[in-house]
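A quick write-up on the structure given underneath.
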There are 2 protein chains.
Amino acid sequence: MSQSDRSSVSRVRLVDVARAAGVSKTTVSDALNGAGRLPAATREHVRQVARRLGYRPNATARLLRAGHTRLLGLAAREYVETPWVYADLAYFGQLVNATTRAALAHGYGVVLLPTSGPDDCWLDMPLDGVFVVDPVAGDPMVGDFLAAGIPVVSDRRALAEAVSEAQTAGRWVDFDNEYAVRQVLDHLEEAGAERIAVVAGATTACFHQESVDAYQDWCAERGREPSIAYLPGPGIQQTLDAVERLLDGPVPPDALFTLVEVNPPLLLDTIRKRGRSVPDDLLLVCTTEDSAALYTDPPVSTLSFLPGETAGAAVELLVDRIEGREGDPGRLFSAELQIRASSAFPATA
Amino acid sequence: MSQSDRSSVSRVRLVDVARAAGVSKTTVSDALNGAGRLPAATREHVRQVARRLGYRPNATARLLRAGHTRLLGLAAREYVETPWVYADLAYFGQLVNATTRAALAHGYGVVLLPTSGPDDCWLDMPLDGVFVVDPVAGDPMVGDFLAAGIPVVSDRRALAEAVSEAQTAGRWVDFDNEYAVRQVLDHLEEAGAERIAVVAGATTACFHQESVDAYQDWCAERGREPSIAYLPGPGIQQTLDAVERLLDGPVPPDALFTLVEVNPPLLLDTIRKRGRSVPDDLLLVCTTEDSAALYTDPPVSTLSFLPGETAGAAVELLVDRIEGREGDPGRLFSAELQIRASSAFPATA
DNA sequence: TTGAAAGCGATACCAG
DNA sequence: CTGGTATCGCTTTCAA
C-alpha cells in the first residue's frame with residue numbers, strides 16, 4: 001500500500017524472479033544471459049518465469065557492474081550562451097546525425113550535453129567519453145572531463161589549454177583552416193576575382209578567427225584591401241543584410257566568400273535582387289552543408305566541413321581510447337572545396 | 001602493474017579520498033555534497049584532499065543509488081530502415097533541439113536512440129523515460145519500453161496498440177491531422193483555388209496517411225478529383241521532380257499543398273521555371289519548419305508542426321509521469337497554418 | 001549443477 | 001559531530 005501508489009508496482013528485480021522460480025540469483029542471471037552451463041530445462045523454466053513476471057534487468061545496475069556506460073557525450077560549444085541553437089545550422093544537424101550513427105555502429109549511444117548550466121553539471125551524466133565540437137577558449141567543459149579522467153575528443157587548442165591529463169585521455173580532430181581558406185581564395189583568384197569580400201561570424205569559434213587571419217594574410221601578400229562583414233550572430237536576415245551592405249558598399253566585390261552558414265537559394269535571390277548575376281558578375285563560394293546548394297541555378301560552390309567523416313573519426317578515436325586500444329593522437333582534416341558553377345567561370349566575362 | 005596499462009591510473013574513488021584525508025566515506029560524501037553538519041575545518045580539509053587527488057564521483061554509482069538516471073530517450077521512427085536520417089529534415093532537427101532544451105530545463109539529458117539494431121538493444125540504456133516520435137504501426141520500441149515499465153510518450157495509436165501497461169506508463173502527444181489538412185484546404189479554396197494538388201510521402205508516418213485520407217474526403221465532399229503525387233522517400237530532387245510532373249500534368253493545379261518537407265526557395269524556383277507565378281498563378285502552402293519560408297519572395301505559407309511546443313509538452317508529460325505527479329493523459333495539437341503571401345491572394349486574378 | 005557471498009561506488013540511516 | 005553498515009540491482013568468483 002505504501003509504495004503501490006508511486007509507480008503502479010515497483011519494478012520486478014532479479015531476486016524476485018529467483019524467488020518465484022525457486023532458484024538463486026546466479027542461476028537466473030546465467031539463464032537469461034546464456035552464461036554458465038545449466039540444464040536446458042532449468043534455463044527454460046527461469047526464462048518462462050522471467051517473462052511471466054515481465055522482468056527487465058536494471059540498466060544502471062548492470063552498467064555499474066560492467067564499469068562502463070557505452071554512452072558518449074556530444075556538445076557543440078560555438079554559441080555557448082544560448083543553449084543548443086544548432087537548429088538552423090545544417091552543419092550541427094548533420095554532425096549530430098553522423099555522430100549518432102557512428103556511435104551506434106560501435107555500440108554506443110549519444111547524449112546531447114548542455115552547453116551551460118549549474119557549474120559542472122555535465123559531470124553528473126554517466127559518460128564513457130565526450131566529443132566537444134567548437135570548444136571556446138579555455139573551455140571549462142573540456143577541462144572538467146579531462147580532470148575527471150573521462151576521454152575527450154576536441155581540437156588541439158582545447159587540449160593544449162587543458163592540463164597534462166590531456167596527453168593520456170585527450171584526442172583531437174582538427175581542421176587546417178588556413179589551408180582551406182587559401183584554397184578557396186586561390187580558386188577565386190584563378191577564376192578572375194580581384195576584390196574578394198568575406199562574411200564572417202563574430203563568434204569565438206576557432207574557424208572564424210583563423211579564417212579571417214588567413215584571409216587578411218592572403219590579402220596582405222597581394223597588397224589588397226580586405227573586405228570583411230562581421231555578423232553578431234546566426235540568423236538568416238542578418239546574413240542577407242550583411243551581404244547587401246557588402247554589395248552596395250563603396251567598392252563592390254567581384255567575389256563573395258561566406259564563412260557563416262547561409263541558405264544558398266536565399267543568398268542567390270538576394271544577390272540577384274541587387275542586380276548582380278552569379279557567376280558572370282559575382283563569383284560565389286559558401287561555407288555550408290546545406291544540400292540545397294546543389295540544386296540552385298547556378299549550383300553553388302561550397303566549402304564543406306565533412307561532418308560525416310569528422311564525426312566518424314572522432315567517434316573512432318574516442319572508442320579506441322575508451323576501450324584501451326592504442327591509436328593516433330588525432331586526425332587533421334581540411335574542409336573540402338566543392339567547385340560548382342557559381343565560381344567556375346571568369347568573373348570578368 | 002596489472003591495471004596501470006589500461007587507463008593510466010584507475011580513477012580515484014570515494015574511499016581513496018577518505019583514506020587520504022583520514023576520515024570515513026560518509027564524512028567525505030557529506031563534505032562534498034554540503035550535507036550533514038560538519039565543522040567547517042573538516043569540510044574544507046576534505047575538499048582540499050579531494051581536489052588534490054582529482055576526485056570525481058562516479059555518476060553511474062550515484063545514479064544507481066538515486067534510483068533514476070535523469071536521462072530521456074528520443075527516437076524518430078518515421079524512416080526506421082535507415083538509422084537516423086533526420087539530417088535534411090528541418091522538422092527533426094528542431095524537434096531534437098527543442099526536446100533537448102526542454103529536457104535540460106527539467107534537469108534531464110537526452111539520449112538519441114537507435115531506430116534499429118539487435119533485438120531490444122535500446123533497453124540496455126539507462127533511461128527514465130522515452131519520447132518516440134512518429135512510431136511505426138505496432139511499434140516494438142514502444143511496446144518494449146512499456147513492458148519494461150519505462151514511461152513512454154508517443155501518439156495515441158502507438159499506445160493503444162501496446163498492452164495494458166500503456167495506461168499506467170504511457171502518455172501521448174498527438175495531432176489532429178484531419179483538422180489541419182482541412183484548414184489548409186479551406187483556406188486555399190477561400191483564396192480561390194479550384195484544383196488543389198498535394199505532394200505526399202509514401203511513408204508509414206501517421207501524418208501522411210491521415211492527411212491523404214482527409215484530402216480525399218474533402219475532395220469527395222465537393223465532387224472534385226484528387227491529385228496526389230507520392231514520393232518514395234525524402235530527397236530534394238525527388239520532391240522537385242514530383243512538383244514538375246504535377247505542374248506539367250494534363251490538368252495543371254491552381255494550388256499546391258506539400259505534405260513533405262521541402263526547401264521553400266528551391267520549390268519557388270522550380271515553380272517559376274515552369275512558367276508559373278506565385279501567388280497570382282498558383283497558390284502555395286508547404287508543410288515545413290524551414291525558416292527560409294519567411295524570407296522568400298513571396299514569403300511562403302507554411303503548415304508547422306510546432307516542434308518547440310510539442311517537444312515541450314512531451315517532456316513535461318514524461319517528467320510528470322517519471323516523478324510520480326499526476327497529470328493529463330496526453331495533449332492534442334493541431335499543426336499551425338501560417339498564412340503568408342504565397343497563398344493570400346485570389347488565384348484567379 | 002547450484003548457491004552464497006563479495007564486490008561495483010556512492011549515499012543514508014543510526015548508533016556511538 | 002562522526003563512522004560503521006546496509007542498500008541500490010546486477011554479475012562473477014568460488015565453495016559446496
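Reminder, nothing fancy here: chain letters follow the sequence lines and each chain counts from 1. In what follows, every heavy atom counts, from backbone to side chain, and hydrogens, waters and symmetry copies are set aside.
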Length of the CG-C1' vector between B:D16 and C:dG9, whole Å: 11 Å
Interatomic distance, B:R19 CZ vs C:dG9 C1' [rounded to whole Å]: 13 Å
Candidates C:dG3, D:dC8, D:dC10 - which lies nearest the side chain of B:L64: D:dC8
Under 3.5 Å donor-acceptor, B:R157 side chain and B:P135 backbone: yes
Separation of atom CZ in A:R43 from atom P in C:dT1, rounded to whole Å: 12 Å
Out of C:dG9, C:dA10, C:dG3, whichever nucleotide has its closest atom nearest the side chain of B:P57: C:dA10
Enclosure of B:R331 CZ (heavy-atom neighbours >12, cutoff 6.0 Å): no
Interatomic distance, B:D30 CG vs D:dG4 C1' [rounded to whole Å]: 13 Å
Along DNA chain C (nearest heavy atom to each residue), the more 5'-positioned of A:K25 and A:P39: A:P39
Whole-Å gap separating P (D:dC8) and CZ (B:R62): 19 Å
Sugar-phosphate only, base, or nothing, as touched by A:T60 at under 4.0 Å among non-hydrogen atoms: nothing
A:Y55 side chain near D:dC10 phosphate (N/O to OP1/OP2, under 4.0 Å): yes
Spacing between A:R13 atom CZ and D:dT11 atom P, to the nearest angstrom: 14 Å
Sugar-phosphate only, base, or nothing, as touched by B:R65 at under 4.0 Å among non-hydrogen atoms: base
Short side-chain to backbone donor-acceptor contact, B:T99 and B:A311, under 3.5 Å: no
Euclidean distance, atom CZ of residue A:R11 to atom C1' of D:dG9 [Å, nearest integer]: 10 Å
No-H, no-angle donor-acceptor pair, B:T26 side chain to C:dT11 base, under 3.5 Å: no
Whole-Å gap separating C1' (C:dT11) and CG (B:L14): 9 Å
Side chain to side chain contact (heavy atoms under 4.5 Å, CB included) between B:V28 and B:V49, worked out: CA-CA 10 Å; B:V28 177; B:V49 174; over 6 Å; no
Nucleotide of C:dT11, C:dA10, D:dG3 approaching B:T27 most closely (side-chain heavy atoms): D:dG3
Listed nucleotide nearest any side-chain atom of A:V23, set C:dG3, C:dC8, D:dT11: C:dG3
N/O (side chain, A:S29) to phosphate O (OP1/OP2, D:dC10) under 4.0 Å: no
A:N33, nearest nucleotide to its side chain (from D:dG3, C:dG3, D:dT11): D:dT11
Close side-chain approach of B:V96 to B:L74, heavy-atom, < 4.5 Å: yes
